[in-house]
Amino acid sequence: MPLRPITVLGESAADAFPGDSTPDGGLALRVLPGGGPANTAVALARLGTPTRFLGRISTDPFGQLFRARLAASGVDLTGCVNTAEPSTLAVATLDEQAQATWTFYAEGTADWQWTTDELTATRTTETACLHTGSLALVRDPGGQRIEQHLAWVREHATVSIDPNVRPLLVPPADYRERLDQWCALADILRLSEEDLAVLLPGASPADACHRWHEAGARLVVVTLGERGAYASLDGHPVTVPAPPTSVVDTVGAGDSFTAGLLHRLNQLDLLGSRLDSLTQNAVADACRFAVRVAALTCSVVGANPPSAESLR
């Protein structure tokens, strides 16, 4: 049976990695196309899920880079909005463990300016799941309009949200204020251990999942880096280890995990509703697949998720 389409809504960003100084005293930057939702869309398409990306993409050179990468991966861009506003730029700093921290240049950029009319024009009942989150969901004016859009989407499809917390760009209080509302709209909530530490300092994954179940999310997954992932389905826990990996950097690993999770649930024909047929065994199966996808992403530079062929 052919896989049902999945839609991803959110931002693209130019991921810049500082290099060596140039002979004229400048700084070389290696710029790669990124952005959490765009990374997830690319990973889904490479895995074989028919994927539609809904983004506001600038006509500047970075925007051309985003479109080329998404299209080359097989992502459907017919729902994207062309805009003259500039692209978002994110500059990475890697620590000794290859963990990335980011400095964002994002004021007035294309990604956050969604209008109600633009979102209404993207509506379709053909998708099994809509995944969103990251900065596009928390930054206004577009964020509140995306929330309103999700209320319509969940009548027809599963909703997946990744907060992708960026405390240097958005105050943590803004996420905390809106997270319960997101859980009321979402069937799946995926976040990292670092996100959890910002949102609920000192809370264990089990305690956090319990809270977010009460707010409405049926499946909550916390990724734990090299320790794998912790998932909870209606309070029933699942843990999976990560495979041994030679880490080059962790850029895009969480986005690739989300794509792997959704792709596998789609293969099992479990998306399209409120996860009524989902079991603990299926959650474990999907998480095991997702950590493999994330591990392969960590083994290369930048957010460059694997194809279905490389997983085989």
Side-chain angles (χ1 to χ4, degrees), residues 3-17 30-58 61-81 87-90 92 100 102 110-111 122 127-137 160-162 164 188 190 192 223 248-267 271 286 289-312:
L3 294 178
R4 296 181 63 190
I6 290 178
T7 299
V8 181
L9 168 59
E11 74 266 15
S12 300
D15 291 345
F17 298 84
R30 182 185 185 195
V31 178
L32 299 174
N39 293 340
T40 300
V42 166
L44 275 166
R46 290 183 183 180
L47 291 171
T49 284
T51 305
R52 184 179 186 227
F53 182 65
L54 307 180
R56 300 183 87 258
I57 301 181
S58 176
F62 293 141
Q64 295 172 29
L65 185 67
F66 304 155
R67 283 184 173 276
R69 178 212 192 196
L70 288 157
S73 298
V75 177
D76 178 358
L77 299 178
T78 56
C80 289
V81 177
S87 297
T88 301
L89 175 65
W102 298 94
D111 303 283
T122 71
T127 193
C129 175
L130 186 143
H131 172 74
T132 189
S134 198
L135 293 167
L137 186 58
S160 168
I161 289 178
D162 175 2
N164 201 8
I188 301 169
R190 202 292 300 181
S192 69
T223 49
V248 174
D249 68 46
T250 61
V251 177
D255 308 319
S256 292
F257 179 97
T258 299
L261 179 75
L262 296 178
H263 174 76
R264 184 59 181 147
L265 292 176
N266 199 22
Q267 283 185 318
L271 299 177
F289 182 82
V291 295
R292 288 179 59 212
V293 177
L296 284 172
T297 303
C298 290
S299 69
V300 297
V301 174
N304 188 16
S307 65
E309 289 74 17
S310 62
L311 279 166
R312 297 191 191 102

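One-based numbering along the sequence shown.
Put simply, the side chain of Leu311 reaches to within 4.5 Å of the side chain of Leu47, judged on heavy atoms. The side-chain heavy atoms of Ile161 and Thr132, taken from C-beta on, include a pair separated by under 4.5 Å. Between Val293 and Pro306, the closest side-chain pair of non-hydrogen atoms falls below 4.5 Å. Residues Ile6 and Arg4 are not in side-chain contact: their nearest non-hydrogen atoms beyond the backbone lie 4.5 Å or more apart. At least one side-chain heavy atom of Ile188 sits less than 4.5 Å from a side-chain heavy atom of Leu261. Side chains of Arg69 and Val42 form a contact here, defined as non-hydrogen atoms less than 4.5 Å apart. Within the 4.5 Å cutoff, the side chain of Val300 has no heavy atoms near those of the Val248 side chain. Side-chain contact between Asp76 and Phe53: absent, with no pair of heavy atoms (C-beta onward) separated by less than 4.5 Å.
Counting only N and O atoms by type, the side chains of Glu11 and Thr88 include no donor and acceptor under 3.5 Å apart. There is a side-chain donor-acceptor pair under 3.5 Å between Arg190 and Thr258. Side chain to side chain, Arg67 and Gln64 fail the donor-acceptor criterion of an N or O pair below 3.5 Å. Side-chain atoms of Arg46 and Asn304 form a donor-acceptor pair, as typed in the model, at a separation below 3.5 Å.
The residues Asp111 and Arg56 are annotated as not salt-bridged, no charged nitrogen and carboxylate oxygen being separated by less than 4.0 angstrom.
For the residue pair Ala38 and Ser12, the shortest heavy atom distance occurs at CB-OG, 3.6 Å. The two residues Pro5 and Thr127 make their nearest non-hydrogen contact at O-OG1, 3.2 Å. Annotation for Cys80 and Ile57: closest pair SG-CD1, 3.9 Å, computed over non-hydrogen atoms. Residues Pro37 and Gly133 come closest through the heavy atom pair CG-O, 4.2 Å. Nearest heavy-atom pair across Cys129 and Leu271 is CB-CD1, 3.9 Å. Nearest approach of Ala41 to Leu70, heavy atoms of both residues: CB-CD2, 4.2 Å.
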Inset, instruction - Report the C-alpha distance between Asp162 and His131 in whole Å, list the side-chain angles of each, state the deciding distance to 0.1 Å, and finish with yes or no for side chain to side chain contact (heavy atoms under 4.5 Å, CB included). - result: CA-CA 8 Å; Asp162 175 2; His131 172 74; 3.7 Å; yes
Inset, instruction - Dump the intermediate steps for side chain to side chain contact (heavy atoms under 4.5 Å, CB included) on Leu3 and Gln267, then the final yes or no. - result: CA-CA 6 Å; Leu3 294 178; Gln267 283 185 318; 3.9 Å; yes
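Side chain of Thr49 to main chain of Ala45: no donor-acceptor pair is present (N/O by atom type, distance under 3.5 Å, no hydrogens or angles). A donor-acceptor contact shorter than 3.5 Å links the side chain of Ser307 to the backbone of Ser310.
Taking CG from Leu262 and CZ from Phe289, the interatomic distance works out to 11.0 Å, rounded to the nearest 0.5 Å. Interatomic distance, CG of Leu54 versus CG of Leu9, reported as 5.5 Å (0.5 Å rounding). To the nearest 0.5 Å, atom CG of residue Asp255 and atom OG of residue Ser192 are 10.0 Å apart. Phe62 contributes atom CZ, which lies 11.0 Å from atom CG of Leu32 (distance to the nearest 0.5 angstrom).
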